[in-house]
2 protein chains.
Amino acid sequence: MGTKQPVTIRDVAADVGVSRQTVSRVLNKGPNVKPAVRARVEESMERLGYVPNISARRMRGSRSYLILAINDRQRTYENWRAGRGNDWVDQMLFGGMTECERQGYHLVFELIDTQPEKAQGQLSKVISELRPDGVILTPPHSDNATLTDLLEEFGIACARIGRRDGGAFVDVCMDEAGAGFEAARHLADLDHTRIAYLAGSPYYGNSLMRVDGYRDLLCERGLPYKEDWIGKGEFNFDTAIPVVQAWLEQEERPTAIIADNDQMAFAVLHVADRLGIGVPQDLSLVSLEDTPGVRLSVPPMTAIRQPTAAMIAKACSGLISESSGSAAGGRYELPFELIRRESTARLK
Amino acid sequence: MGTKQPVTIRDVAADVGVSRQTVSRVLNKGPNVKPAVRARVEESMERLGYVPNISARRMRGSRSYLILAINDRQRTYENWRAGRGNDWVDQMLFGGMTECERQGYHLVFELIDTQPEKAQGQLSKVISELRPDGVILTPPHSDNATLTDLLEEFGIACARIGRRDGGAFVDVCMDEAGAGFEAARHLADLDHTRIAYLAGSPYYGNSLMRVDGYRDLLCERGLPYKEDWIGKGEFNFDTAIPVVQAWLEQEERPTAIIADNDQMAFAVLHVADRLGIGVPQDLSLVSLEDTPGVRLSVPPMTAIRQPTAAMIAKACSGLISESSGSAAGGRYELPFELIRRESTARLK
DNA sequence: CTGAAAGCGCTTACAG
DNA sequence: CTGAAAGCGCTTACAG
């Protein structure tokens, strides 16, 4: 036990009879190696089972082959503790690990606090420790300039999920307005004309864009737009309940509701059940967030599926090409998907 | 941009006016530093914002401050793709990251294939790249001797989740027999006497232990034990359906069922609904696996909650103390929890 | 196209 | 109790 020594560049060099640099050049696919030598080195690496030591590579100023994916600590812990099965982290890992592995990188997932001062200190610490080649920021950190400033100072590439500015960063988002628009269109196509909308926090630009998309569709179809039917629910179950209840007790109540997130969609299901209003017979419902709860609810909900895995994969590939000297920054908008389940039906 | 240079041990040494070693000694809480010097060094590290570079520490043969948590690739991908919200990975990260952070470590999550040959090559690769101080193996890799042999050869500490041998490894498990026993006891306490059991794969020792616990309880209470009422469902929804159907169509059908995993528990709910058998009025159900689907089902199921986060946290702390020279190996059995929800009721 | 030298930021023996 | 030296496994200038 403990006897196996890992193979180093020195072993390969000795085996082939060349210098360590030559091996390094082959490893990094650099120029200036005779094809015959390159082949012999490659054969030797394969035969000896050589794998480069990431720590050593990182030392002499080069790449670390590490991408850091940062999530908000409070939100993540809350989801984990609640056990409601929000699969955002899973989808992040899915997309990120797949892409990193494809390119010989490793994804390291870390949590930092929301408060700007603490966040900066924590990010600074993990960067100094790990020296990643790139960092992925997710909401709400995507909007924290203290963090992006810090990354710029350190000269580390940065990708922001949910941002659409582009510029020096790799910004990856989905078509938020399109999501609101498509949800409303799906309902309008089912002959609904009285469509209410449970909006998210007005502090989130992305939520605002979704409302705009909804409004655009109503406009395009000439459907009535009532200010009263845009509920400001502040992102949770409890605060959405009274809003929904007020709507559903009206004489001319909405026949369809779009909910900005899964918790608010559950609130709709809850109130409808209490009032004896059947979903989807009497009321159609679309969730703009697709979580396991949304898929497993009774009935399973029609929902907009955010391309989380694809967004993180895109962030990784952008970061990797940036750290290998290719084009820096960019703006990528990925397509969402409307998944029809059983919470929406044609108006009778 | 790119101008900020991280603070190194050399900066601190120059600042205080001592050698780099002295700083290193303070950093590693080593002996042989005069208290006054130690205090000045610590003050300087704090003031300069010094954070040790993990790659550099790893180089000169010391620790890497990295713990590698390995999951099975196929299973993990399948869960992620299915989107049923199995939160095993989340709970792993929750427990592992919390403990690692507390001790100044980082948790790196990686996937390797099931097939022994591929698994070995992949583990060998990631170990050579990252040089972690310890590796956590989860089922089914916990049972793969090729992997543990490899780790022993490399001299890397290893923890196995779901194993109970102890010995040189840090083995962390839960009381499987106790889980089967408690599930049955809960039902017996509700006056049930005809309790059937949907067992998991006979290839998993842990599943077998749970059946034993169930059998022990029946024995202790003098309840009838029928070989027919132990279903061999092989771990999934489809294969459990006919077994459950046969049971529930019997004259003297079971009044309670224990399911080894969530998929089989869903199968029970499904068949009961089709046959017009109410849960929990006419049939009680306990799931031995607690996933978001189990919590969100209609009705929410009474279930055994596996201490996943705590097991991974224990594995991390065991690995960390082993790599810092303390006691090696050990066997830890963590308590599970029976969570009463709405799928079990007193027999009328 | 190839190699000898220096160095990344630490820690490990070894002197004093 | 403290420090000068060597080295971990690589890559980056710099010579040839």
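Only heavy atoms go into these numbers, but all of them, side chains included; no hydrogens, no water, no symmetry mates.
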Give the intermediate values and the outcome of side chain to side chain contact (heavy atoms under 4.5 Å, CB included) for residues L93(B) and L107(B). CA-CA 8 Å; L93(B) 294 177; L107(B) 186 79; 4.1 Å; yes

W80(A) and D87(B): side chain donor to acceptor below 3.5 Å: no

Does T22(B) make a side-chain N or O approach to OP1 or OP2 of dG3(D) shorter than 4.0 Å? yes

Round to a whole Å and report the spacing from CG of L27(A) to P of dC10(D). 8 Å

Quickly work out the M59(B) CE to dG9(D) C1' distance and round it to whole Å. 4 Å

Rounded to whole Å, how long is the line connecting atom CZ of R58(A) with atom P of dT12(D)? 10 Å

Quick one: which residue pairs count as a side chain to side chain donor-acceptor pair (under 3.5 Å) with a foot in residues 307-319 of chain A, not counting sequence neighbours? none

How many Å lie between CD on E129(B) and C1' on dG9(D), as a whole number? 14 Å

Whether Y65(A) contacts dT11(D) is assessed here as follows: a side-chain N or O lying under 4.0 Å from the phosphate OP1 or OP2. Is that the case? no

Tell me which residues in residues 10-20 of chain A put a heavy atom below 4.0 Å from DNA chain C, sorted by number, or none. V18(A), S19(A)

Salt bridge (Lys or Arg N to Asp or Glu O under 4.0 Å) partners of residues 158-172 of chain B, not counting sequence neighbours, each pair once: D143(B)-R163(B), R160(B)-D165(B), R160(B)-D171(B), R163(B)-D165(B), R164(B)-E333(B)

Between dT11(C) and S24(B), is there an OP1 or OP2 to side-chain N/O distance shorter than 4.0 Å? yes

At under 4.0 Å, does any side-chain N or O of S55(B) touch on OP1 or OP2 of dC10(C)? no

Is the shortest side-chain heavy-atom distance between D15(B) and R47(B) below 4.5 Å? yes

Could you tell me the separation between the NZ atom of K29(A) and the C1' atom of dC1(C), rounded to a whole number of Å? 19 Å

Is R25(A) side chain donor-acceptor paired with the dG3(C) base, going by distance under 3.5 Å alone? yes

Ignoring backbone atoms, establish whether N53(A) has a side-chain N or O less than 4.0 Å from OP1 or OP2 of dC8(D). no

Can you tell me how far C1' of dT12(D) sits from CD1 of I9(A), to the nearest Å? 12 Å

E117(B), CD atom: more than 12 neighbouring heavy atoms under 6.0 Å: yes

Quick note, ring-ring contact (aromatic ring centres under 6.0 Å, His included) partners involving residues 98-128 of chain A, not counting sequence neighbours, are Y65(A)-Y105(A)

Checking side chain to side chain contact (heavy atoms under 4.5 Å, CB included) for the pair S323(A)/L319(A): CA distance, chi angles, key distance, verdict? CA-CA 6 Å; S323(A) 78; L319(A) 253 18; over 6 Å; no

Below 4.5 Å, heavy atoms only, C-beta onward: do V89(B) and T76(B) meet side chain to side chain? yes

Mind running salt bridge (Lys or Arg N to Asp or Glu O under 4.0 Å) on D133(A) and R63(A) for me, showing each step along the way? CA-CA 6 Å; D133(A) 290 336; R63(A) 295 191 264 167; 5.3 Å; no

Return the stems involving DNA chain D, sorted by first number, where pairs are Watson-Crick (N1-N3 with N6-O4 or O6-N4) or G-U wobble (N1-O2 and O6-N3), both under 3.5 Å, and runs are 3 or more long. C:1-3 with D:14-16, C:5-12 with D:5-12, C:14-16 with D:1-3

Verify the distance criterion only: is there a donor paired with an acceptor across the side chains of T114(A) and Q74(A) at less than 3.5 Å? yes

By nearest nucleotide on DNA chain D, pick out whichever of V33(B) and N28(A) is the more 5' one. V33(B)

Working to the nearest 0.5 Å, report the span between CE of M59(A) and CG of N53(A). 10.5 Å

Using heavy atoms and a sub-4.0 Å distance, could you list which residues of residues 34-41 of chain A are near DNA chain C? By number, please. K34(A), V37(A)

In whole angstrom, give the distance that lies between atom CZ of R131(A) and atom P of dG9(C). 7 Å

Can you tell me if the side-chain N/O atoms of R60(B) get under 4.0 Å from OP1 or OP2 in dG7(D)? no

